[in-house]
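Here's the structure we're looking at; comments come further down.
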Amino acid sequence: MRGPLGAVIGRYTSSDGSDKDGIIKHNRKCRDITFLVIFIAFWVSMIVNSSFGFNQGNPLRLTYGLDYEGNVCGSNHRHRDLTQLELRYWLNPNQVYESGLKDGELTLGNARTICLLDCPEPSDDTLNWVCDYPDGEIRLKMDDWIDRNYDYFEFLTPEMRNSSLQLQGPCYPIIFPSVNVYWSCQYIARASNSSLRHWQQMGGVSIQEDMIIDKSIRRSMNSRASVLKRYVADIGKSWPVLIVCGGLVPLFLSIVWLLLIRHFVAAMPWITVVLFNMLLISVTIFYYLKAGWIGDDAVTPIIGEHDPYIHVYGRELTHVRIVAILMTFISAVAILTSIAIIRRILMATSVLKVAAKVIGEVQALIIFPAIPYAMLAIFYMFWLSAALYLFSSGQVVQNNCNNTNCCAYDLVLKKVNCEHCCGYSIRYTPHITVAIFFHLFGCYWATQFFIASSATVIAGSVASYYWAQGEEAASPEIPFLPVFASMKRLARYNLGSVALGSLVVSFVESVRFILEAIRRRTKVRGTTPDHWLGRMGYYTSRGCLKSIEWTIKSVNRNAYIMIGITGKSFCKSSEIATELIINNIMRIGKVNVIGDVILFLGKLCVSLFSALFGFLMLDSHKYRSSHNKVSSPLLPVLACWGLGYVVATLFFGVVEMSIDTIILSFCQDSEENQGNAQHAPSLLLETLDSNHYEEEG
């Protein structure tokens, strides 16, 4: 049987019987040290893992393609400066055609490519050429080669001209128009009759004009790997948006929300519910705009000015449309749910009044979340930079292919070379995949750790307020000291417990993520159980895992409260908190739930506003053209939403943890005083009593 916590939580009596001044001061010791050591070792591993990415990666690989020498377009290399040349262009149209055939021996990755400044266009009255990088006997500087529109056909020797007419270089005819699609020149299967006639008159080999030449590049650009790289690159390009919409905007909104709770608590539940629905509808409308269902501002893979009659399909548009449909469903459910909880909003007002009184008394609570916010901001900047390098840390290697299909004229060797003419690709080894997943897990664990630390400090501060009620000597100590004292106790005794709690949540969430990924893969492959019993077990397991995750998060939050109050280990604190809640579930359950719902909607309001502001910033000219163009606003907006939610969680935790801490303290207070809480604020007693009478009625 647990002993009373009053002496632990409130004032205590010393060994000589005198009453000491102080709140939550008692003998503590370090808890869960093993997990603190594990957490420190994990951080060291994160640094080592990130250093590998910084050493091996190049974020430009996520955006730009490789040329036939293995160079990344748009970057400076030891023997060739391609800084201005960001676009990848396939020189040989017949190679592109062959790569699109089902039984073709040549893949698009082995077709000859170079980097250009812009996509070449065929001429209406003559034949234009795109020639290889100037080298050997072609004594042109790169700048002169660019100024000549990559054409030095007039300087070729008879042997070189003959080789060019065989589509083996060094110069290649421009027969098909092309358009800039995600920094690669997409062929348009509409050959220029004038250019083709000139080519034939010169005795050039036959050039295939089938639609396959269009689909081959498009299929490569819309592969899952290519889309994933573009999404990750979008995060890197939109870092100013993430700073503003994922950091500064939610910081401002969260502080404003706390101040409004402090001064206009009666109106805040209504404002929160109405604002949530308005923001949800606004974000949904933006997705409809980007999906092309409203107006003509749909997501397009084409960069820069182009013929309006040219339409190129991008998988990103499909993803935006799927999210638009999902947001429509969520908006409908949210509106109906808001109508259903109208009767309970008054109860939420009563609960929030208790938290508002705490914030008014312990004023440093409004300022405190800025500390974990600053730490998380620094961590996220480091983590995001390392993530971009890790995702691009594969090795550039030459492919294995049938050399006879990729022969090309070598300006240095002065002959057609069929050796080592295969293209290059980026190979990702299994250990890189493990490093990426480790990095993702580290982000989630670190985020949970900072949130848990913040919650524990707030819980200790609010407990000081609760158990000091009615004690005059404690009043001068309440405004600021409890927060700093709670921070000191956390840093000295309970970091291991917080590390354990955040690890449990991260592990369960990771397992659920892995199982969900396996489910999606089996669904794609058609291996989902066909028998009704198998399907029932299949979906029941998913529901159980989600329930376990929700339960663990709830238990963790209450455990952090008891850690802040008692200084016990994580497991012992979980046990104490769970016992208190079970013994008082009928009295506090509904009050706590409806308060959590309003706070959850408040967090969503902040995050949705961040997402909406992110849409507006990404809709500017900077992110719609040139090299800063994002392939889709989907992932940057989602990142703004996620970061906004994390920031809101830190600041809203002041209200959330205030309510939960006071309720748990009330439960313990009631147990120690035969059901009559001696330290409970009058507002809390009124709320619980009104809820009790409503239940009886």
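Along the sequence shown, residues carry numbers from 1.
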**Report entry** L495/F35 under side-chain contact (heavy atoms from CB on, under 4.5 Å): CA gap, chis, key distance, verdict
**Finding:** CA-CA 9 Å; L495 285 178; F35 292 96; over 6 Å; no
Side chains of [X] and [Y] in contact at under 4.5 Å (non-hydrogen atoms):
{"X": "I426", "Y": "R61", "answer": "yes"}
{"X": "M46", "Y": "W383", "answer": "yes"}
{"X": "V396", "Y": "N71", "answer": "no"}
{"X": "P372", "Y": "I451", "answer": "no"}
{"X": "W183", "Y": "C73", "answer": "no"}
{"X": "W239", "Y": "M381", "answer": "no"}
{"X": "I458", "Y": "L365", "answer": "yes"}
{"X": "T83", "Y": "S75", "answer": "no"}

How would you list, by chain and number, every residue that makes a salt bridge (charged side-chain N to carboxylate O under 4.0 Å, His left out) with [X], sequence neighbours excluded?
{"X": "R230", "value": "E316"}
{"X": "R80", "value": "E69, D135"}
{"X": "D619", "value": "K290, R624"}

Do you know which two heavy atoms are closest between [X] and [Y], and how far apart they sit?
{"X": "A559", "Y": "S573", "value": "O-CB, 3.5 Å"}
{"X": "I565", "Y": "A463", "value": "CG1-CB, 3.5 Å"}
{"X": "Y623", "Y": "K237", "value": "CE2-O, 3.6 Å"}
{"X": "R492", "Y": "C30", "value": "O-SG, 3.3 Å"}
{"X": "L62", "Y": "A233", "value": "CB-CB, 3.8 Å"}
{"X": "K622", "Y": "N628", "value": "O-CB, 3.2 Å"}

Between the main-chain N or O of [Y] and the side-chain N or O of [X], is there a donor-acceptor pair closer than 3.5 Å?
{"X": "W641", "Y": "G614", "result": "no"}
{"X": "S607", "Y": "Y645", "result": "no"}
{"X": "T661", "Y": "S658", "result": "no"}
{"X": "S620", "Y": "M617", "result": "yes"}
{"X": "R31", "Y": "G567", "result": "yes"}
{"X": "D234", "Y": "V630", "result": "no"}

Report task. Assess the side chains of N399 and S425: does a donor N or O sit below 3.5 Å from an acceptor N or O? Result ->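 Note: N399 and S425 side chains meet the donor-acceptor criterion.
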Report task. Check the angle between the aromatic planes of Y231 and H319 and answer parallel, tilted or perpendicular using the 30° and 60° thresholds. Result ->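 Rings of Y231 and H319: tilted, 30 to 60°.
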Query raised in the report: Where does the angle between the aromatic ring planes of F450 and F379 fall among parallel (under 30°), tilted (30 to 60°) and perpendicular (over 60°)?
Result: tilted
Query raised in the report: Taking only residues two or more places apart in sequence, or in another chain, which ones meet S497 in a side-chain hydrogen bond (donor to acceptor under 3.5 Å, both in side chains)?
Result: D32
**Report entry** Residues in side-chain hydrogen bond (donor to acceptor under 3.5 Å, both in side chains) contact with S226, at least two apart in sequence or another chain
**Finding:**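 Only S223 meet the side-chain hydrogen bond (donor to acceptor under 3.5 Å, both in side chains) criterion with S226.
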Going by the rule ring pair (Phe, Tyr, Trp, His ring centres under 6.0 Å), which residues pair with [X] if we only count those two or more places apart in sequence or in a different chain?
{"X": "H79", "answer": "none"}
{"X": "F54", "answer": "Y389"}
{"X": "Y380", "answer": "none"}
{"X": "F42", "answer": "F438, W445"}

Requested in this report: Indicate, with yes or no, if the rings of F600 and F652 have centres closer together than 6.0 Å.
Outcome: no
Report summary line: Applied to residues 361-391, the disulfide bond (SG atoms under 2.5 Å apart) test, sequence neighbours excluded, yields none
Rounded at 0.5 Å granularity, tell me how far [atom1] in [X] sits from [atom2] in [Y].
{"X": "Q448", "Y": "S453", "atom1": "CD", "atom2": "OG", "answer": "11.0 Å"}
{"X": "L599", "Y": "I659", "atom1": "CG", "atom2": "CD1", "answer": "5.0 Å"}
{"X": "L390", "Y": "F52", "atom1": "CG", "atom2": "CZ", "answer": "7.0 Å"}
{"X": "R489", "Y": "T456", "atom1": "CZ", "atom2": "OG1", "answer": "11.0 Å"}
{"X": "F613", "Y": "L618", "atom1": "CZ", "atom2": "CG", "answer": "11.0 Å"}
{"X": "K629", "Y": "S631", "atom1": "NZ", "atom2": "OG", "answer": "8.0 Å"}

Report task. Assess whether side-chain contact (heavy atoms from CB on, under 4.5 Å) is satisfied between L66 and T113, documenting all intermediate values. Result -> CA-CA 8 Å; L66 304 176; T113 59; 5.9 Å; no
Requested in this report: Have a look at V457 and tell me which of Y560, F368, F484 forms a side chain to side chain contact (heavy atoms under 4.5 Å, CB included) with it.
Outcome: F368
Query - L388 and V232: CA distance, side-chain angles, deciding distance, side-chain contact (heavy atoms from CB on, under 4.5 Å) verdict - result: CA-CA 7 Å; L388 291 173; V232 176; 3.8 Å; yes
Report task. Starting from the C-alpha separation in whole Å, work towards a yes-or-no answer on ring pair (Phe, Tyr, Trp, His ring centres under 6.0 Å) for Y68 and Y424. Result -> CA-CA 7 Å; Y68 71 89; Y424 286 79; 8.8 Å; no
N/O donor-acceptor pairs under 3.5 Å from side chains in residues 240-255, not counting sequence neighbours:
from, atom 1, to, atom 2, distance (Å)
S254, OG, P250, O, 2.7

Query raised in the report: What's the verdict on side-chain contact (heavy atoms from CB on, under 4.5 Å) for F391 and I432, showing C-alpha distance, side-chain angles and the deciding distance?
Result: CA-CA 8 Å; F391 268 93; I432 295 178; over 6 Å; no
Report task. Dump the intermediate steps for salt bridge (Lys or Arg N to Asp or Glu O under 4.0 Å) on R88 and D67, then the final yes or no. Result -> CA-CA 7 Å; R88 175 177 53 174; D67 66 7; over 6 Å; no
Report task. Tell me, please, which residues at least two apart from C605 pass disulfide (SG to SG under 2.5 Å). Result -> none
Requested in this report: Any chance you could lay out the salt bridge (Lys or Arg N to Asp or Glu O under 4.0 Å) test for E575 and K568, step after step, and finish with the verdict?
Outcome: CA-CA 10 Å; E575 178 188 344; K568 301 290 185 182; over 6 Å; no
